[in-house]
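Each remark here refers to the structure printed beneath this line.
Throughout, a chain's letter reflects where its sequence line sits, starting with A, and its residues are numbered from 1.
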There are 2 protein chains.
Amino acid sequence: MTSDGIGAAFAPHDHSHCSARALADAAERLASEGARLTPVRRRTLEILLENHRAMGAYEVLDRLAAEGFGRQPPVAYRALEFLVQHGLAHRLQRLNAFAACLHPGEEHQPAFLICDRCDRIAEVPSGPMRAALAEVAAGSGFAVDRVTVEAVGTCAICAEDRG
Amino acid sequence: MTSDGIGAAFAPHDHSHCSARALADAAERLASEGARLTPVRRRTLEILLENHRAMGAYEVLDRLAAEGFGRQPPVAYRALEFLVQHGLAHRLQRLNAFAACLHPGEEHQPAFLICDRCDRIAEVPSGPMRAALAEVAAGSGFAVDRVTVEAVGTCAICAEDRG
DNA sequence: TCCGTCATGTTATGAAGTTACACTTGGCTT
DNA sequence: AAGCCAAGTGTAACTTCATAACATGACGGA
């Protein structure tokens, strides 16, 4: 995780700055992997970054379609899947939704904090949890591949606002 | 967790025995809560117990319909939701599916091990993970309500069978 | 017995995700 | 330069998952 604080996603901050940096990072990372950040893919990532929250595939698709890209589901799903596979976005199981990864390359399987009042999400390190799970799993001979850790609750801002 | 071993769900065992016990427990628990284990609900729980794996709502619905219950989605979804709310079944986010709870009353938010070869699942204690998550979440002022922990991987039996 | 509540059933609809296939593009070979 | 192949983008059609809205039936308490 970066040093900008774990709950930074819930705090007010400069979207345009963090988006621009994330986008630049993404382009660089993909180039070094030989993967192409095509217009649809780039725009999909931008949309996720701009909104800074989890978005459904169809919500993303609507925006893509409005901007002249294809208007059929596979257009969005393919772009989103590409981003997820390259660690630039995450899929949130509880929400059937996707969100841009704010810390690409640092923690590929973070845990998520999902505020059910404002719909914003935060990524937190899941290392300790994954270690604990892998240990208990190993005890029964289960080899863990991928882990999903998603917490639903109330973020500090919403707790303050509405009691 | 019971003392029958964490990975018991992946090991060969007597389904009819554990099903019968789970069913008896369920009836008792519900009675003490004033909730009714009606025919649809009972049969839904039995179906989950018999199969001993995660099942989609429509798969459950097919069986219910074949046995004379309603054949529309809400029939299954309502029964499944009832079971989940009373701690007798779990919803698996990664699979859009449901599974009978094998340890009712003991651990209401277990972690799940999902074998992607045989589709069987196991429940393991999630206490340590939830504690770790709550701690890191508290650091950013996030109050955790519910946590989903689901691991996909390979169970011991499948690892042995297919290398 | 009347009434209210819970439970079950239906139709209809909405939301999420996939399959299959056609066309284009851009790099690589020869 | 021509031809080829793989990757990318687009479409139509469909499956799967889930809920809304409403009617009917069952049961217990006043």
Side-chain angles (χ1 to χ4, degrees), chain A residues 26-27 30-31 33-48 53-86 88-99 119 148 150, chain B residues 26-27 30-31 33-48 53-86 88-99 114 116 119 148 150:
Chain A
L30 290 176
E33 293 175 23
R36 296 165 54 196
L37 187 58
T38 61
V40 216
R41 291 169 179 174
R42 182 186 188 87
R43 191 66 198 116
T44 300
L45 179 54
E46 285 173 358
I47 288 169
L48 291 181
R53 60 183 172 81
M55 300 181 72
Y58 280 67
E59 197 179 352
V60 171
L61 178 59
D62 282 346
R63 310 216 179 196
L64 290 174
E67 297 175 20
F69 294 101
R71 48 186 63 255
Q72 303 303 323
V75 171
Y77 280 105
R78 281 194 290 236
L80 290 166
E81 188 192 14
F82 172 88
L83 296 175
V84 169
Q85 282 182 342
H86 289 83
L88 301 173
H90 298 288
R91 177 188 284 255
L92 288 126
Q93 307 285 343
R94 288 199 78 106
L95 304 177
N96 290 332
F98 301 82
D119 284 342
T148 299
E150 298 177 3
Chain B
L30 290 176
E33 293 175 22
R36 296 166 53 196
L37 188 58
T38 61
V40 217
R41 291 168 179 175
R42 182 186 188 88
R43 191 65 197 117
T44 300
L45 179 54
E46 285 174 358
I47 288 168
L48 290 181
R53 61 184 172 83
M55 299 180 74
Y58 279 67
E59 198 179 350
V60 170
L61 178 59
D62 282 346
R63 309 216 181 196
L64 290 174
E67 297 175 18
F69 294 101
R71 49 185 62 255
Q72 303 305 322
V75 171
Y77 280 104
R78 281 194 290 237
L80 290 166
E81 186 193 15
F82 172 88
L83 296 175
V84 169
Q85 282 182 341
H86 289 83
L88 302 173
H90 298 288
R91 176 188 285 255
L92 288 127
Q93 307 285 345
R94 287 198 79 106
L95 305 176
N96 290 334
F98 300 82
I114 305 168
D116 59 6
D119 284 343
T148 299
E150 297 177 4

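- The CD1 atom of A/I47 lies 5.0 Å from the CD atom of A/E67; values are rounded to the nearest 0.5 Å.
- For the pair A/Y77 and A/F82, the minimum side-chain heavy-atom distance is 4.5 Å or more.
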query = After noting the C-alpha distance and the side-chain angles of B/L80 and B/L48, does the key distance pass the side-chain contact (heavy atoms from CB on, under 4.5 Å) rule?
reply = CA-CA 10 Å; B/L80 290 166; B/L48 290 181; 3.9 Å; yes
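- The CE atom of B/M55 sits 10.5 Å away from atom CG of B/L61, with the distance rounded to the nearest 0.5 Å.
- Atoms CG (A/D62) and C1' (C/dA15) sit 12 Å apart, rounded to a whole Å.
- Of the inter-residue distances, the one linking B/L88 atom CG with B/L37 atom CG reads 8.0 Å to the nearest 0.5 angstrom.
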Identify the pairs formed between an N or O of the protein and an N or O of nucleotides 18-28 of chain C at a distance under 3.5 Å, and give each distance.
none

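- Of all nucleotides in DNA chain D having an atom under 4.0 Å from a heavy atom of chain A, the first and last in 5' to 3' order are D/dG8 to D/dA12.
- In this entry the distance linking CZ of A/R94 with P of C/dA16 reads 16 Å, nearest Å.
- Contact of the A/Q93 side chain with the B/T148 side chain is not registered, since no non-hydrogen atoms from C-beta on lie closer than 4.5 Å.
- The interatomic distance linking B/Q85 (CD) with C/dC6 (C1') rounds to 14 Å, in whole Å.
- At whole-Å resolution of the value, CD in B/E33 and P in C/dC6 are 15 Å apart.
- Note: CG (B/L80) to P (C/dA7) measures 15 Å, nearest angstrom.
- For the pair B/R43 CZ and C/dT8 C1', the computed distance is 18 Å after rounding to whole Å.
- Nucleotide C/dA16 holds its C1' atom 14 Å from the CD atom of B/Q93, rounded to whole Å.
- Under the 4.0 Å criterion applied to side-chain N and carboxylate O atoms, B/E46 and B/R43 are assigned as salt-bridge partners.
- Atom CZ in A/R63 sits 12.0 Å away from atom OG1 in A/T44 (nearest 0.5 Å).
- Here CG of A/L30 is found 6.0 Å from NE2 of A/H86. Values are rounded to the nearest 0.5 Å.
- In this structure, CD of A/E81 is placed 18 Å from P of C/dA16, rounded to the nearest angstrom.
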